[in-house]
Amino acid sequence: MPIKVFDLAKELKKSNTEMIAVLRQMGMASLTPTSDLDDDTAGRIRAEVSAGSNGNGGGDAATAAKAANEAGAAGGAGGDPVEVPQNITIKDLAERLGIGPADIQKVLMNMGVLAALNQRLAPDAVNRIAQKLGRTVRTAAAPAPAAPAAPAGGAGGTGGSAGGATAQQPRGTGTGSAKGPGTRTTSMKRTAGGGSAQSMTPRPPVVTIMGHVDHGKTTLLDALRKTDVAGGEAGGITQHIGAYQIEVGGQRITFLDTPGHAAFSAMRARGASVTDIVVIVVAADDGVMPQTVEAIEKAKEAGVPIIVAVNKIDKEGANPDRVLTELTEHDIVPEAYGGDVQTVNISAKTGENLDALISTIVLVSEVVVDPKADPHAPVQGTIIEAKLDKGRGAVSTVLVQQGTLRVGDVVVAGSTFGKIRLMSDERGNKLVKAGPSSPVEIIGLNAVPEAGDRLEVAKNEKEAREMARRRGDVLRDERLGTGSKMSLEALYQQLRTGPVKELNVVIKGDVQGSVQAVRDSLEALGNEEVRVRVLSASVGPVSESDVLLAAADKEATELNSLIVGFNVGTAGGVEKKAEQEHVQIKSYSIIYELIDDVKDAMIALLPPIYEENNLGKAEVRALFKLPGGRAIAGCYVLDGLIRRNAKARLYRGKDLLYTGDIDTLKRFKDDQREVAAGYECGLTLGGFNEIREGDVIECFELRQVPREL
Ligand code: GDP
């Protein structure tokens, strides 16, 4: 009976990292944790490990590291340590070491990892690679300014979500951190020289699941959610907050739950790589499809390791082998084919092999990513999801990436800011703090940030305002104070900080001259917010391959991909295909009409802009509690007017406590649409009942500003 490397590791109470080190020592460098071992080999490994553990107890990994190190020193090349910045890319590391990047990729492959040239490496990974190459490196103390480095791996440590004063204590330090002390300690020492590097603590990896529609992403996310052991006692994951963390076998993993590529793209566009590992789901009965290819490309662009989950193996007609073959056409060479990408056959529906998928995630995390963060560093997070909730105001899910976020912190996210009033996890537990890799829902921001916005902690509200202002949201504050309007210039300023949107267009025309003319006109349309990206421009009728091209390049929505035909028709059957792929085909014989339509399509991609229109202000002078706890605020309208169904902000002194709707508005017993200055009224705010006398309620409405090019 063959046994998988990771199963043997489990049996021998070794981490996968340690196991790989042992295998390397025994001359089996090409094996990875998912490789099969025959009885004989497994027996030899068992013997080796038990002999080793009688020794100094330092662990095989440590021994291996030491050996490699000595080899390096002796070999001369490794003499002087090479200084490298934190989070260095493979390409840059190769340059500093004076070797080809392929040499580094080869080392990583031996660890079972496929990594792109721009993959950033955690200090531990750099050390391991250097050791393998017989070199010595020293990691500089200051972190790279960019996004928190990818890497990632080992679940174990102390960093994670828990932190909070809640029910989750049993996680963390215990079993997980038992792993790999050898390797880690060694490399931590070598990192010396810098204070902050010393406080880097392992954090759970952050994993995104991508793949073609209907291939089972949602089902898999649900199934993984159910594998959480902590769920048993704590009541399980009850809320969809856009991300969740599970704990399995002492390992914690954070999964981003955001639907598909849109959020991922938004985050990438802002230069923040939130994810450490991408799991690409491919249905075994359907094979590699356009969005599979897109997911592969996105993961490669992001320089994030890929794991392929071949799903639906329970189905009749499932053909996992075909999927593997198809993957090779996209430069994803599965281990079974001599490549370096881990693949796992699963059924998200029956739960078959989910444990192997989790082991593989843990493995890749440990070996390639080695995720770490400093829980004492200034807080850095990314907004995963955000919405306006009736009653609670802006509700946002933040992934904490560095530092520890606390209730009461004044934060800035994009152009929004506010004091965190409430923080909770996916189980509905209230938290007082949250460490790296924790997804948490926060309440208290003054407006709804965008997915992908960076979150930071400010010293105080004043600084937060400043920061938000600097980020382009110039006039919100002024408006609060003076009632003045946000200028268009300020709005554009705000927009300039966002990513450029692209409308993907395939151009078909009757003659080369007209094709070129259309192309020139469309490419001239762009500005700094939105532009046309011509995927292809050629002569002839619209064909099926045009449709596939437009569909494959579709980033996020059905809106941003278009085929325009100028004086040409559409080949037979293509319209049906276009419908299936949700691609629009439009034909024209007048170029101005074509340009106008494309302009409209570009405008449709621009995010709506809302302008706040201040309506008035009222002071709370009396309070009435209804049975059930509902609070009616008896108010006096100070200026302007208060309007039912408009928005409100409630201030207590300088503190903003509520942003949301005005639910009911009455004068005496009668419902009113509006109540003007100088009058009294009674009102209720969304589900917010913690109103006090003296609070000031500002009433405003949001008006959509028409966009133009
Ligand atoms: P998504 O669009 O990628 O999120 O796909 P879903 O998770 O919604 O799954 C699409 C369909 O495939 C649903 O009807 C699922 O029940 C089904 N499905 C997902 N995983 C499996 C599986 O492992 N086996 C089978 N037989 N069906 C599955």
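In this chain, numbering begins with 1 at the start of the sequence shown. What you see is a predicted model, and the numbers here were worked out from it, not measured in a lab. Order of listing sets the numbers, starting from 1, for every ligand and every atom in it.
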Any nitrogen or oxygen of [X], side chain or backbone, less than 3.5 Å from one on ligand 1?
X      : answer
Ile313 : no
Thr350 : no
Lys217 : yes

Does a donor on one side chain and an acceptor on the other come within less than 3.5 Å for [X] and [Y]?
X      : Y      : value
His215 : Asp286 : yes
Gln245 : Ser437 : no
Asp38  : Thr41  : yes

Worksheet item: With a cut-off of 6.0 Å (strictly less than), are more than 12 heavy atoms of other residues, nucleotides or ligands near CD of Glu579?
Response: no
To the nearest 0.1 Å, how far is [atom] from its closest protein heavy atom, and which atom is that?
atom                    : answer
atom 20 (N) of ligand 1 : Asn311 ND2, 3.1 Å
atom 5 (O) of ligand 1  : Gly216 N, 3.1 Å
atom 27 (N) of ligand 1 : Lys349 CD, 3.5 Å
atom 26 (N) of ligand 1 : Asp314 OD2, 2.9 Å
atom 9 (O) of ligand 1  : Thr219 OG1, 3.5 Å
atom 18 (N) of ligand 1 : Lys312 CE, 3.6 Å
atom 10 (C) of ligand 1 : Asp214 O, 3.4 Å
atom 4 (O) of ligand 1  : Thr218 OG1, 2.4 Å

Practice prompt. Mind listing the closest non-hydrogen atom pair of Asn311 and Gly216 along with its distance?
Written response: ND2-CA, 3.7 Å
Worksheet item: Do Lys4 and Asp36 pass the salt bridge (Lys or Arg N to Asp or Glu O under 4.0 Å) test, and can you show the C-alpha distance, the side-chain angles, and the key distance before you say yes or no?
Response: CA-CA 4 Å; Lys4 296 260 185 215; Asp36 284 318; 3.6 Å; yes
Between [X] and [Y], is there a side-chain N and carboxylate O pair less than 4.0 Å apart?
X      : Y      : answer
Lys508 : Asp546 : yes
Glu247 : Arg252 : no
Glu441 : Arg392 : yes

Worksheet item: Quick one: does atom 13 (C) of ligand 1 have a protein heavy atom under 4.0 Å from it?
Response: no
Worksheet item: Short list, please: which atoms of ligand 1 are under 4.0 Å from a heavy atom of Val213?
Response: 2 (O)
Fill in: Ligand-side contact atoms (ligand 1) for residue partner Ser347, heavy atom cut-off under 4.0 Å
22 (C), 23 (O), 24 (N)
Fill in: Contact with ligand 1 for His212, non-hydrogen, under 4.0 angstrom
yes
Worksheet item: Backbone N or O of Val564 within a donor-acceptor pair of the Lys586 side chain at under 3.5 Å?
Response: no
